Number of protein chains: 2
Amino acid sequence: MDDLHSRKTLPRLDESLLTHLPPFSKLDKRQIRTILDQATSRRYDAGIAIFEEGHDADRFYMLLDGYVRVVRITPTGEQVTALHIPAGQLLGIARAIGRDTYPATAMTATESIALSWPTRLWDSFVQGYDGFATVTYKTLGHRVGEMNTRIVELATQQVEQRVANALLRLINQTGRKVEGGIEIDFPITRQDLSELTATTLHTVSRLLSGWEKQGIVESKRKRIKVCDPHALVIISQV
Amino acid sequence: MDDLHSRKTLPRLDESLLTHLPPFSKLDKRQIRTILDQATSRRYDAGIAIFEEGHDADRFYMLLDGYVRVVRITPTGEQVTALHIPAGQLLGIARAIGRDTYPATAMTATESIALSWPTRLWDSFVQGYDGFATVTYKTLGHRVGEMNTRIVELATQQVEQRVANALLRLINQTGRKVEGGIEIDFPITRQDLSELTATTLHTVSRLLSGWEKQGIVESKRKRIKVCDPHALVIISQV
DNA sequence: TCGTGAGTTTGCGCCAGAGCAAATTCACGA
DNA sequence: TCGTGAATTTGCTCTGGCGCAAACTCACGA
């Protein structure tokens, strides 16, 4: 078992880990091999910070499994979730936008597994591997788009619409079809959802209760199943 | 006089236009010359869209003079200002983040002048000119940071704090020292400020009135002078 | 099996700030 | 110089959703 502070290079990472992931999918076997040999693999428990805001951006990551929230912590200690990152995406790529510290903290939402590389290799990845730059800048573009959307939502929408939107986004990103609906396939508390929508856990709880009575969602502890996504779409647009 | 739709290449753009601007400052005279010869120069009246959200990102821009707001327009027609861009910065660099349409609309806040180039030249700029990529990605990083900050502000601060912050940011970016304080050196309405802080013009007006009574600001139509920045800092932190 | 604490639900009161309405002031062009 | 419309100010009302408090419920470990 890994303990929290161990970080070990596994004897031999399987090449199939990367071959189907967009930033690497164009590369040949030898290149993948080199990349894997330089990588460090680590498992993270749920609720652990992979890296923290303000720290030296000394590594960049590829999330292989799990789910990560990118959060900022205000001077008064409140957490605000800026975005969610699913498995298969790059993470901590501060270097791509010319920063040498991480602009936010990355917390695991579930147990997760990530590869990482020292940031000094970044330039060689960008220059040496065909398609790598293109794909990472597309990722970046996608995230900028998401942040933009979040700003507009916060600026113009009511709490009810924001929560509905957040749920829709979550089931799109990580929904798992189960009987009777689509479930968010990692544990998520009312608190988490409130940090994602800039409201309080009380208000989220009230909204979910209301929706449950209308048959739109079903929820247990840390589990939310959306039964009627269309109804949420209606709500989210008012 | 240019009319709104003319876009003319001036006979000879002066090289000093670019030599002191970061993305170009490392280049030699010949390179600058080439870049200028490929550029189109245009003047924009205040309140004009330089490019619009969703349109083909067919050109990228360098703002030489003036001031631009990057805004998004919601389905219901409200405008939300995502960020402000001062003279000397690149604009419309969707291509840098792998997008082929503009993710937002750029509106002039004052009369402005910008150079622009066809997007198909982007890659050659990035690859051909030393330091260009680094600087533009730094710009991008800066903007991502600003957006992050804005998300946190919207999520956690009261209206009064947001307006105070917005004013502070504006005088930092474009403040002009005048007797008795620092003035924002372009015309800005209460409405503009409300779109920047996600509130209503009425609330902004009330806040400014209050601050004026306390001697913190002075304001005429479309003009705001901050007399006591420190007081605003206090307010912004509550 | 039974605590125990984390997560959730619900009620109640309150207030920041939006919405609406109207008066007022200023800048600019004729 | 005056008229006109845009920008601003201000008063009043109303409400979404926050803060506080308390009860409840489940999952897990001893």
Side-chain angles (χ1 to χ4, degrees), chain A residues 45-47 74 76-80 109-111 153-167 184 186-214 216-225 235-236 238, chain B residues 45-47 74 76-80 109-111 153-167 184 186-214 216-225 235-236 238:
Chain A
D45 283 323
T74 68
T76 59
E78 295 156 285
Q79 286 193 9
V80 179
T110 39
E111 184 181 322
E153 274 187 20
L154 286 172
T156 62
Q157 298 189 330
Q158 308 275 91
V159 167
E160 186 174 29
Q161 300 169 55
R162 297 206 301 268
V163 175
N165 269 317
L167 277 183
I184 297 170
F186 65 91
I188 184 167
T189 65
R190 309 288 184 265
Q191 175 77 34
D192 292 335
L193 210 43
S194 75
E195 282 168 8
L196 195 56
T197 50
T199 178
T200 61
L201 79 159
H202 307 278
T203 300
V204 169
S205 176
R206 276 182 254 268
L207 285 172
L208 286 180
S209 296
W211 292 342
E212 189 141 16
K213 274 180 196 120
Q214 298 170 49
I216 300 173
V217 302
E218 276 174 40
S219 68
K220 318 187 189 85
R221 277 192 176 211
K222 299 194 178 189
R223 286 279 152 201
I224 301 174
K225 181 172 80 176
I235 290 169
S236 77
V238 168
Chain B
D45 284 322
T74 67
T76 59
E78 295 157 283
Q79 286 193 9
V80 180
T110 39
E111 185 180 322
E153 276 187 20
L154 287 172
T156 62
Q157 298 188 330
Q158 307 275 89
V159 168
E160 186 173 29
Q161 300 170 54
R162 296 207 301 268
V163 175
N165 268 316
L167 277 183
I184 296 170
F186 65 91
I188 184 168
T189 65
R190 309 287 184 267
Q191 174 77 35
D192 291 336
L193 210 43
S194 74
E195 283 168 7
L196 195 55
T197 51
T199 177
T200 61
L201 78 161
H202 307 279
T203 300
V204 170
S205 177
R206 276 181 256 266
L207 285 172
L208 286 180
S209 297
W211 291 342
E212 188 139 17
K213 274 180 197 120
Q214 298 170 50
I216 300 173
V217 303
E218 275 174 41
S219 68
K220 316 188 190 84
R221 275 190 179 213
K222 298 194 179 190
R223 286 279 151 202
I224 301 175
K225 181 171 79 178
I235 289 170
S236 77
V238 167

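A quick note: this is a predicted structure, and the numbers were derived from the prediction, not measured. Throughout, protein chains are lettered first and strands after them, A, B, ... in sequence-line order, and every chain is numbered starting at 1.
With Thr199(B) contributing its side chain and Thr203(B) its backbone, the two residues share no donor-acceptor pair below 3.5 Å. No donor-acceptor distance shorter than 3.5 angstrom exists from the side chain of Arg190(B) to the backbone of Val204(B), with no hydrogens or angles considered.
Atom CD in Glu218(A) sits roughly 16 Å away from atom P in dT8(C) (whole-Å rounding). Summarising the geometry, the separation between CD on Gln191(A) and P on dT9(C) is reported as 13 Å, rounded to the nearest angstrom. Taking atom CD1 on Ile188(A) and atom C1' on dG7(C), their separation rounds to 14 Å, with Å as the unit. Atom P of nucleotide dG7(C) and atom CD of Glu195(A) are separated by 12 Å, given to the nearest angstrom. Taking atom CD on Gln157(B) and atom P on dA16(C), their separation rounds to 16 Å, with Å as the unit. Lys222(A) places its NZ atom 14 Å from the P atom of dT9(C), with the value rounded to the nearest Å. Put simply, CG on Leu207(B) is 13 Å from C1' on dA18(C), counting in whole angstrom units. Leu201(A) places its CG atom 12 Å from the C1' atom of dA6(C), with the value rounded to the nearest Å.
For dG17(D), neither phosphate oxygen OP1 nor OP2 lies less than 4.0 angstrom from any side-chain nitrogen or oxygen of Thr199(A). At the phosphate of dC18(D), OP1 or OP2 sits under 4.0 Å from a side-chain N or O atom of Thr203(A). Close to dT8(C), at under 4.0 Å from its OP1 or OP2, lies a side-chain N or O of Arg190(A).
In this structure, the side chains of Ile235(B) and Glu160(B) come closer than 4.5 Å at one or more pairs of heavy atoms. A heavy-atom distance below 4.5 Å is found between the side chains of Val80(A) and Thr74(A). Side-chain contact check for Val163(B) versus Trp211(B): some heavy-atom pair is nearer than 4.5 Å. With contacts defined as side-chain heavy-atom distances shorter than 4.5 Å, the pair Thr197(A)/Asn165(A) does not qualify.
The residue Ser209(A) sits close only to the backbone: its heavy atoms come under 4.0 Å of sugar-phosphate atoms, none of a base. Heavy atoms of Thr189(B) sit under 4.0 angstrom from primed sugar atoms or phosphate atoms, though from no base atom.
Taking 4.0 Å as the cut-off between side-chain N and carboxylate O, Arg162(B) and Glu153(B) do not count as a salt-bridged pair.
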Can you check each nucleotide of nucleotides 19-30 of chain D against protein heavy atoms at under 4.0 Å and return B for base, S for sugar-phosphate only, - for none, in 5' to 3' order?
-> BBB---BB----
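Taking only side-chain atoms of Gln158(A), from C-beta outward, the nucleotide of dA16(C), dG16(D), dT8(D) with the closest atom is dG16(D).
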